[in-house]
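Working notes for the structure below.
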Amino acid sequence: MAEGKTGTTKVLMEETRIFEPPKDLAENCNAWQWAKKKGFKTEQEMRDWCGENYIEFWDEMAKTYADWYEPYTQVMDDSEKPYFKWFVGGKINMFYNAVERHIKAGKGDRVAYHFIPEATDQPERAYTYQEIYETVNKLANGLKSLGVVKGDRVSIYMPMLPETVMAMLACAKIGAIHSLVFSGFSSKGFGDRVQDCEAKVVFTADGFYRRGKPMPLKPQADDGVKDAASVKNVIVLKRTGLEVPWTEGRDVWFHELVESQSAECETEVMDAEDRLFILYTSGTTGKPKGIEHAHGGYCVGPAYTCKWVFDLNEDDVYWCTADVGWITGHSYVAYGPLCLGITSIMYEGSPDYPDFGRWYKIIEDYKVTVFYTAPTAVRMLMKQGTEWPEKYDRSSVRLLGSVGEPLNPEAYIWYRKYFGNEVSPIMDTWWQTESGCHVISPLPMTPCKPGSVAYPLPGFNTTLFDEDGNEVPLGSGGNIVNPTPWPSMLRAFYKDEVRYKKEYWDMYWNVKPGTYLAGDKATRDKDGYWFIQGRIDDVLSVAGHRIANAEVESALVAHKDVAEAAVIGKPDEIKGEAIVAFVILNTGVEATDDLMKALRTHVRTSLGPLAIPAAVIPVQDVPKTRSGKIMRRVIKAKALGNPTGDTSALANPESVDYIPLI
Ligand code: PRX
């Protein structure tokens, strides 16, 4: 966290449009049903009560959404802050909750995933809960036969496939700790993570499909593990049939391992605090942080939010487009929907293959009812115009979700219209790898403002602090903090106690010990609606005023000719920082000087003179992570002529070349 970057910001632009959810949905959604049963008259009353009585609230959620082998004796133990414990003494297993209990309840025939390969000439295929149950049991026995025991780490470097989820579940079942590494990471990125968590076994695939062509993955996996002495076996899924390099004695085919095993396997009884997974996320330094999550709390957070925020019920067809290698995939492709016994879509490939109609076609084919994606994808599709959505029937969609970046009002309106038929409300969900589940989000009955994530969810006391730990009033911005813990919270950084404390807990330790610093800034308008401004270190300081990069970007993309914008600060002797904006224009728009001038004026009109960019520079593309986050750090380094550092996390490394020196 950068020193001196944590002050409050003023709200520059007020959003006045409000979208009411459809009456029927607002009345009958799961969240409001619960509120009515409890006798709450308003949503605000309900949210307030759940915050004040968060222990009681989470206790109820844990009993409602999770099945326990043995009940816990204490809901939460904060005696060793910042190491909080939830559901103390409780015995549980995520696999039992995600799959096994549905089989026991006679629901094995339900489809867990409709798997859609990217190539249109390959068959689409349904995976039932029963089939997943049997394969995972065999795979779990296979892992045991390789010597994997409770507490061992298993790295998973696999593409978006049902088998990837099954590998996760097999680990959960026997109490091994999985650590997924997104398959688009370089071999070095993968190797660093394998070495950090000292994985005993690695899962990978021979390859994956990209734009219809098989691409190798096994060679990268081999390269990644070459210096990892802890790795005893590499389990290889056959997906493409590509020939693979093979290390005798170490490498094992996934299918052979499964075939050789019995379909009977006891599920390990885990303590609520036993670790379920480690997921690496990038911090402000180059070294990734291994965020640890626990079985008990994580059985609760994703399932509760799937039920309340996404309003998922058994007749829904749900689709979260995230890759399972990210936290969104863990919580909202794998564990959350599985815990509720939901039917999901899993699509292997990219949204533009074979053309930009692919996602809409899948929605039409499967009558998707609840759809969750990222603003970058929405903006990318928006840039293609309305021709694609108009070709397909999207009328089945009743609820939308967004995550990962601020959903700027222009994209919000478009998303609502072309994915949501102008009726489906958008749950813009703010959360993090660290939180494990949604933290700030509308509920289906919440009147929504475009660009806003509404309010902290029931069970959270999330608020905004200034530098000194004072709560900031409505109309101003500050640091997002959680003064109270929640079940699916991070438990630790793998092997890095110092950094865990420093990054999340030190900032307000003297004010209120145990206050979690999220590392994001946000503002609340006079009605209490939250607007995310971006990371603390992504805040500009212009002439002593703090302006969030995201706010300027949002103003720019609101212009009809702009598709994407990335804003950085350039050191300025007089002002401290000058704003420099890189813009990607809509297809067919010419990058004239007049347009660049007009864009500066446009920002002035939207946000005021303080926020006028010193320069607006048209570019072909900007560097982004594979989960769609604009890498301002890389843009800034390139534009200022500094070393760009590790760019292995980029989805589009070539875009770095488009950024000129400024
Ligand atoms: O900056 C916030 C942004 O994504 C960060 C968390 O990133 P990660 O751990 O990779 O998890 C992404 C998926 C949860 C946050 O600190 N972020 C997440 N959701 C939103 C968001 N920014 C604005 N609006 C959101 N809805």
Side-chain angles (χ1 to χ4, degrees), residues 1 180-182 185 277-284 288-293 301-302 305 309-310 320-336 372-379 400-409 411-412 415 426-442 448-457 462 464 477 479-482 488-490 493 503-504 516-523 529-539 548-551 553-554 557 624-633 649 651:
M1 194 182 58
L180 274 86
V181 180
F182 175 61
F185 267 112
F277 66 86
I278 298 170
L279 184 58
Y280 287 89
T281 178
S282 31
T284 42
K289 314 183 276 197
I291 307 284
E292 294 182 20
H293 282 279
T305 44
V309 177
F310 292 152
C320 166
T321 65
D323 190 280
V324 73
W326 306 113
I327 190 67
T328 308
H330 282 55
S331 301
Y332 297 106
V333 173
Y335 294 120
Y372 190 31
T373 195
T376 321
V378 173
R379 287 195 288 265
L400 295 167
S402 172
V403 62
E405 283 271 304
L407 182 62
N408 55 293
Y412 186 101
Y415 188 36
I426 300 171
M427 304 299 112
D428 186 347
T429 60
W430 178 88
W431 60 293
Q432 309 176 294
T433 303
E434 292 87 341
S435 72
C437 76
H438 304 151
V439 176
I440 313 175
S441 171
C448 293
K449 287 191 184 186
S452 169
V453 290
Y455 320 107
L457 284 170
T462 314
L464 295 177
N479 296 327
I480 302 183
V481 292
N482 274 350
S488 66
M489 67 194 296
L490 73 170
F493 274 8
E503 295 218 3
Y504 300 112
Y516 170 81
L517 176 75
D520 272 17
K521 293 186 81 70
T523 59
Y529 279 81
W530 288 61
F531 292 82
I532 306 298
Q533 291 192 300
R535 302 295 301 172
I536 285 172
D537 36 12
D538 276 343
V539 175
N549 305 45
E551 199 162 17
E553 287 162 4
S554 176
V557 292
K624 280 188 205 139
T625 63
R626 294 187 175 85
S627 57
K629 280 190 214 318
I630 295 172
M631 290 289 278
R632 299 190 186 98
R633 177 182 63 77

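Order of listing sets the numbers, starting from 1, for every ligand and every atom in it. Here, residue 1 is the first one in the sequence, and each next residue gets the next number.
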Honestly, for Ile327 the part within reach of ligand 1 (heavy atoms, under 4.0 Å) is side chain

Margin query: Do Pro409 and Ser554 make a side-chain contact, defined as non-hydrogen atoms from C-beta onward lying under 4.5 Å apart?
Written below: yes

Atom 20 (C) of ligand 1 sits nearest the protein heavy atom Gly404 N, 3.5 Å

Taking only non-hydrogen atoms of Asp428 and a 4.0 Å limit, the atoms of ligand 1 in range are 25 (C), 26 (N)

Closest to atom 15 (C) of ligand 1 among protein heavy atoms sits Asp520 OD2, 3.3 Å

### Query
Among the heavy atoms of Gly519, does any lie under 4.0 Å from an atom of ligand 1?
no

Contacts of Lys624 meeting side-chain hydrogen bond (donor to acceptor under 3.5 Å, both in side chains) (sequence neighbours excluded), chain-then-number -> Glu564

Rounding to 0.5 Å, atoms CG (Asp520) and CD1 (Ile532) come to a distance of 6.0 Å

Ring pair (Phe, Tyr, Trp, His ring centres under 6.0 Å) between Tyr280 and Phe182, worked out = CA-CA 10 Å; Tyr280 287 89; Phe182 175 61; over 10 Å; no

When distances are taken from atom 8 (P) of ligand 1, the protein heavy atom at minimum range is Thr433 OG1, 3.5 Å

Closest to atom 6 (C) of ligand 1 among protein heavy atoms sits Trp431 O, 3.6 Å

Side chain to side chain contact (heavy atoms under 4.5 Å, CB included) with Glu434: of Ile327, Thr281, Leu279, Val439, only one passes, and it is Thr281

Contacts of Ser452 meeting side chain to side chain contact (heavy atoms under 4.5 Å, CB included) (sequence neighbours excluded), chain-then-number -> Lys449, Tyr529, Phe531

heavy-atom search around atom 13 (C) of ligand 1 in the protein gives Thr328 OG1, 3.3 Å

So the atoms of ligand 1 within less than 4.0 Å of a heavy atom of Glu405 turn out to be 20 (C), 21 (C), 22 (N), 23 (C), 24 (N), 25 (C)

Quiz item: Does His293 have its ring centroid less than 6.0 Å away from the ring centroid of Tyr335?
Solution: no

Practice prompt. Measure centre to centre between the rings of Tyr332 and Trp326, then say whether the value is under 6.0 Å.
Written response: no

With heavy atoms and a 4.0 Å threshold, my read on which part of Lys629 contacts ligand 1 is side chain

Counting from 1 in the order shown, the ligand 1 atoms closer than 4.0 Å to a non-hydrogen atom of Ile532 are 22 (N), 23 (C), 24 (N)

The atoms of ligand 1 lying under 4.0 Å from a heavy atom of Pro406, numbered in the order shown, are 22 (N), 23 (C), 24 (N)

Here the gap from Trp431 atom CH2 to Thr462 atom OG1, rounded to the nearest 0.5 Å, amounts to 14.5 Å

Within 4.0 Å of some non-hydrogen atom of Val403, the atoms of ligand 1 are 13 (C), 14 (C), 19 (N)

